[in-house]
Structure formats: structure tokens, C-alpha cells
2 protein chains.
Amino acid sequence: MSPYDPSAFPPFAVTVDLVVLTVRRHALCALVVRRGEQPYQGRWALPGGFVRSEEDLGAAAARELAEETGLCAHEPGTPSIGNGAHLEQLATYGDPKRDPRMRVVSVAHLVLAPDLPAPRAGGDAHSARWAPVEALLGQEDDYSREDEPPAPLAFDHAQILADGVERARSKIEYSSLATAFCPPEFTVGELRRVYEAVWGVALDPRNFHRKVTGTPGFLVPSGGTTTRQGGRPAQLFRAGGATLLNPPMLRPEV
Amino acid sequence: MSPYDPSAFPPFAVTVDLVVLTVRRHALCALVVRRGEQPYQGRWALPGGFVRSEEDLGAAAARELAEETGLCAHEPGTPSIGNGAHLEQLATYGDPKRDPRMRVVSVAHLVLAPDLPAPRAGGDAHSARWAPVEALLGQEDDYSREDEPPAPLAFDHAQILADGVERARSKIEYSSLATAFCPPEFTVGELRRVYEAVWGVALDPRNFHRKVTGTPGFLVPSGGTTTRQGGRPAQLFRAGGATLLNPPMLRPEV
DNA sequence: GATCATAGTCGTCTTCCTGACGATAAACAG
DNA sequence: CTGTTTATCGTCAGGAAGACGACTATGATC
């Protein structure tokens with residue numbers, strides 16, 4: 001190396017893998033599909049697939065997402081239309097032994113989506129489901145009554161998932177990205193429960209309310225109220241134009 | 001798609017590109033090499049090259065870095081020995097048209113290094129040099145007496161460089177990574193000039209001194225003093241064990 | 001209908017951090 | 001010796017955040 005000789009380069013397969021996160025029943029959940037073939041047949045894996053010949057990486061990720069969930073994702077540059085989810089590139093994994101069949105370089109992407117109905121299984125997956133990330137990553141916490149034993153994810157997908165979760169946890173600190181987990185209209189309490197689920201901590205409702213309503217551009221009132229959470233009616237908000245929070249939300253000490 | 005069929009995948013070339021940053025003469029500079037062949041012959045580009053068949057992505061980046069600069073980089077997981085620089089994966093660029101010859105997916109890496117002597121030109125590059133990022137990115141600022149007209153970088157390297165610079169700018173806010181720009185022993189003033197060069201702002205020496213010396217684990221005194229910056233002798237420090245700064249350094253308003 | 005549980009919202013107080021900036025200390029240049 | 005440069009310590013006011021009390025407006029229960 002490295003005479004830049006295009007005629008003699010080692011060929012790689014390039015795939016995209018998706019870390020699709022949502023908040024369901026007060027828990028951070030990831031989308032996983034059951035593998036229908038070897039290797040790791042029958043094991044859970046992150047959704048993904050090959051990048052096509054004339055396809056950009058982000059486009060491939062958005063296509064795979066649509067195939068698996070029907071979601072219309074938009075990257076930050078793209079104008080935000082419809083009920084799209086947030087999509088961003090996460091990292092690239094290229095260990096020579098990560099796929100026993102051949103050399104595969106996978107460009108992982110992170111998707112943050114509001115709570116959805118059951119995912120539709122599509123493509124090569126026998127089935128798809130939402131699973132709490134704690135169970136998938138084999139944390140210490142209680143999945144005593146979870147219906148799925150914590151079989152490890154296929155390939156290096158546990159590492160990819162862990163990286164995606166950590167990205168989400170840190171990114172909602174200094175950006176308004178937590179609203180990507182919420183429906184178009186939401187209450188301060190619902191947004192707080194998103195933070196609590198993603199961080200796995202309890203937050204003071206009064207300080208949280210003061211913080212988010214006092215940050216300019218974070219939330220804009222939509223006029224209505226709702227009692228879907230019970231208790232006193234809560235004001236409804238939409239995500240404001242601000243994307244960066246300054247000063248940031250502070251994650252409580254460990 | 002996407003039956004995961006290894007026998008029928010579109011082949012890609014996978015490369016690593018390097019954004020190597022350092023601080024020289026109070027300016028943030030990047031390592032660029034002059035291209036010796038088509039396309040973009042004679043233009044400046046980021047150093048990089050093909051990933052080998054049995055080589056991990058980070059290893060390929062470290063190898064290319066050593067070939068270009070002689071630097072021994074270590075990724076965060078690796079134990080930090082010697083005069084190594086900081087290396088981390090930045091992002092992956094895979095636009096189908098980014099290289100006119102063929103489909104190339106490039107995994108860009110970010111390297112932060114202390115000020116070095118002139119880079120040694122190696123590999124396929126006719127020559128290598130440090131260039132201020134402002135000139136490379138065609139900023140508004142004064143490069144009136146720069147010896148190089150701001151010819152745009154080859155391929156999409158201007159975008160990659162801009163992403164790397166932005167990563168460095170934000171990362172020194174909440175991590176101790178600014179010390180990667182410093183020699184093993186440095187003064188508070190030298191560290192402050194790193195921040196000033198990377199951010200392009202002036203910082204109050206008194207508040208900066210209070211902040212960095214008051215953050216536990218950021219700096220540990222090494223015992224000696226130096227007057228290499230002129231003026232009153234300054235205490236010498238080494239980087240402490242802390243990697244995350246909490247609370248972070250605050251970048252002044254724009 | 002009274003009571004209770006639940007969630008939302010507004011305030012207060014203390015503590016910590018930061019930005020602005022005065023003042024002193026220790027070197028070198030003339 | 002005097003001015004210049006850089007380093008370092010201190011003070012003060014303003015803002016943000018954690019802890020927590022108090023009040024409000026619903027639905028559920030008796």
C-alpha cells in the first residue's frame with residue numbers, strides 16, 4: 001500500500017444495520033428481528049441489509065427502516081415532514097471476523113421513533129418485535145416476568161445496540177431529540193417519562209417542568225390539553241425549532 | 001432485498017480517510033497530502049488508503065497514520081503508551097458518486113496530535129503538509145499572507161474535514177481531549193491556547209485557570225515549572241485520569 | 001356528593017458555577 | 001530600575017439547578 005489503484009482492491013460487502021429505539025410502557029425498547037438462516041439462525045438480530053449499488057448509506061438505512069416498520073425517517077438535513085422518525089449514522093463496524101461467511105462492513109444507523117403499534121415483519125425476518133434493551137443487553141435489572149430469555153444478539157449486534165443506546169442517552173442531554181420519542185403533541189409529563197425511561201432514573205417533575213418550559217424554542221404550546229395520563233389536565237406541546245439545548249438537561253449522578 | 005445472500009452482494013471498495021488535527025502557531029491545522037494521480041491530481045486531500053483484507057478499520061487507520069506521520073495512535077480502549085495521539089472513528093461516507101472511478105465507502109477517522117515537526121511524506125503522496133483548517137475550508141478569515149491559495153480539497157474531503165473539526169470542537173467541551181493536542185507536560189496557559197485555537201475565541205486566563213485546576217482528575221501537577229512561554233514561570237501538568245469533564249468547559253457564545 | 005388518589009403547575013430557598021474583573025507575583029528586555 | 005509579559009489568587013454579582021412545599025384540576029371510590 002497504498003498506491004491508490006482502483007483495479008486491485010479487496011472487495012467488501014457493505015451493509016446497514018439499524019438500532020431502532022422507542023419508549024414503550026416506561027421502558028426503552030429496540031426493534032429486533034429473528035434470523036431465519038445461518039449463521040445465528042433463530043437468534044435475535046438488529047434489522048439491516050445490503051447497501052445497493054447506486055444507493056447512499058442513509059438512503060439504504062431509510063429503505064430498510066421502511067421495509068421493517070413502515071416508518072418514514074428523515075435525516076437531519078432533510079425537511080421534516082409527516083410522522084417520520086429521527087435517523088442518524090451511528091458508527092461503522094468492520095472487524096474481519098464479525099461475519100463468519102465473508103468480510104462485511106456494516107454502517108450502523110440510529111433511529112428514534114415514537115411508540116408504534118406492533119412492528120410488521122418484513123423482508124428476510126421470520127418475525128420482528130420490540131424488546132427492552134435491558135433484557136437484550138443482559139443487564140442486572142429485573143426481567144423476571146419477561147417472556148423472552150436474554151439470548152445474546154447475533155453477530156456483534158449487542159455492541160452496536162449498546163453504542164446506539166449510549167448515543168441516545170447522551171444526545172437527549174444536549175439536544176431536543178427526546179421529542180422524537182413522542183407523538184406530535186405531547187405533555188411535559190410524557191416528555192419527562194421519556195427521559196426517565198431512556199436514562200433509567202427518576203426526575204423531579206417540578207424541576208423538569210421548569211427546565212423544559214423555560215428553555216426557549218424547546219417546546220411550543222399547541223393550545224389543547226389532555227387527561228390521557230390521568231390527574232389534572234396537562235397542556236399539550238409540540239417540538240419547537242430549537243435542536244440544541246443550552247444549557248443542557250443534566251443527567252443525575254449515578 | 002433483502003435475502004441475506006452472501007453470494008450476490010454488490011462489491012465495494014472500503015478505505016479509511018484521516019482527519020489529523022494539531023495546533024501550530026495558535027492555529028488549528030490539518031494534515032493534507034498532495035494527490036499524485038487522477039482524479040483531482042495535484043489537489044490537496046486527506047491522507048488515507050484501502051483497508052486490507054484481514055485488517056480492522058481502526059487498525060487500518062492507525063497504519064495509515066503511522067505511514068504518513070510516524071505517529072503511534074491508540075484508540076480509547078487501548079492502553080495509552082508512548083507519545084501516541086488520540087484516534088477515534090468519525091463517520092462513514094458512501095455517496096455513490098463520491099469517487100468517479102468506482103463505488104468507494106470511506107470510514108473517516110479523527111486523530112488529535114500534539115504539535116509535530118514537519119510531516120514526512122510517505123506512500124502515494126507527492127508531499128504532505130500542515131494547513132490551517134480555515135484556509136482549507138475557505139473561511140472568511142484572513143489568510144492574506146498564507147502561502148497556499150485555498151484550492152478546494154479533493155473528493156468530499158472538505159465535508160469530512162468540516163465534520164472532524166466540528167467533532168473536535170464539541171468534544172473538548174465535555175472531555176479532557178484537549179490534552180491530546182499538548183505535549184506530555186504542559187502549562188495551563190498552553191492548554192488554554194489549545195482551546196482558543198480550536199474554538200477560535202479568546203478565553204479569560206483567570207477563569208480558565210480556576211476551571212481546569214478545579215476539575216478533579218483533569219490535571220495533575222508534575223512538579224516542575226517552565227518559562228518557555230515567557231513571563232512568570234508556570235506550573236507544569238500532565239493529563240489526569242479523568243476523561244469526562246463534569247461540568248463541561250463552556251464554549252463562549254457566538 | 002364527599003373523599004381520595006393522581007398528575008400538573010407555580011414558588012421559594014440554598015448552593016454551586018460562571019463571567020467580569022481587580023490585584024499580586026515572577027520572570028525577561030531595555 | 002522600569003515596563004512588559006504571563007501566571008495565579010480573590011472578590012462579587014447573576015444565573016441555573018436540586019430539594020421540596022403548596023396548590024389545582026381531573027377521575028375513581030365510597
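Quantities reported herein were computed from a predicted structural model and do not represent experimental measurements.
- If you check distances only, the side chain of B/Arg210 does reach the base of C/dG19 with a donor-acceptor pair under 3.5 Å.
- Whole-Å rounding puts the A/Phe186 CZ to C/dG8 P distance at 13 Å.
- Atom-to-atom, CG of A/Asn246 to C1' of C/dC17 comes out at 14 Å; the value is rounded to the nearest Å.
- Rounded to whole angstrom, the span from the CD atom of A/Gln235 across to the C1' atom of C/dC10 amounts to 13 Å.
- Annotation: B/Tyr195 is in aromatic contact with B/Phe208 [ring centroid separation under 6.0 Å].
- Because its NZ or CZ atom is not both nearer than 6.0 Å to the ring centre of B/Trp130 and within 45° of the ring axis, B/Arg25 does not count as a cation-pi partner of that residue.
- For the 3.5 Å distance criterion, the side chains of A/Ser222 and A/Glu185 qualify, holding a donor opposite an acceptor.
- Nearest-nucleotide assignment on DNA chain D puts the 5′-proximal partner with B/Gly189, out of B/Asn207 and B/Gly189.
- Put simply, CD on B/Gln229 is 23 Å from P on C/dA25, counting in whole angstrom units.
- Taking atom CZ of residue A/Arg251 and atom P of nucleotide D/dA16, one finds them 22 Å apart after rounding to whole Å.
- Taking atom CG of residue B/Leu203 and atom P of nucleotide C/dA20, one finds them 11 Å apart after rounding to whole Å.
- Taking only side-chain nitrogens and oxygens, B/Lys211 never comes nearer than 4.0 Å to OP1 or OP2 of C/dC17.
- Side-chain atoms of B/Glu88 and B/His86 include a donor-acceptor pair closer than 3.5 Å.
- Atoms CZ (B/Phe208) and C1' (C/dC21) sit 18 Å apart, rounded to a whole Å.
- Across all strands, A/Arg192 comes closer than 4.0 Å only to sugar-phosphate atoms, never to a base (heavy-atom distances).
- Summarising the geometry, the separation between CG on A/Leu236 and P on C/dG8 is reported as 11 Å, rounded to the nearest angstrom.
- A donor-acceptor contact under 3.5 angstrom links the side-chain atoms of B/Arg232 to the base of D/dA7.
- Comparing B/Met249 and B/Thr227 along DNA chain C, the residue whose closest nucleotide (by nearest heavy atom) sits nearer the 5' end is B/Met249.
- Using a 4.0 Å heavy-atom criterion, one finds that B/Arg193 contacts the sugar-phosphate atoms exclusively.
- Which of D/dT8, C/dC21, D/dA16 sits closest to the side chain of B/Ala234 comes down to D/dT8.
- In this structure, of D/dC9, C/dC21, D/dA19, it is C/dC21 that holds the atom nearest to the side chain of B/Asp204.
- Between the side chains of A/Tyr93 and A/Asp163, at least one donor N or O lies within less than 3.5 Å of an accepting N or O.
- Here D/dT8 is the nucleotide among C/dA27, C/dG19, D/dT8 with the atom lying nearest to any side-chain atom of B/His209.
- The base of D/dG21 lies close enough to the side chain of A/Arg206 for a donor and an acceptor atom to sit less than 3.5 Å apart.
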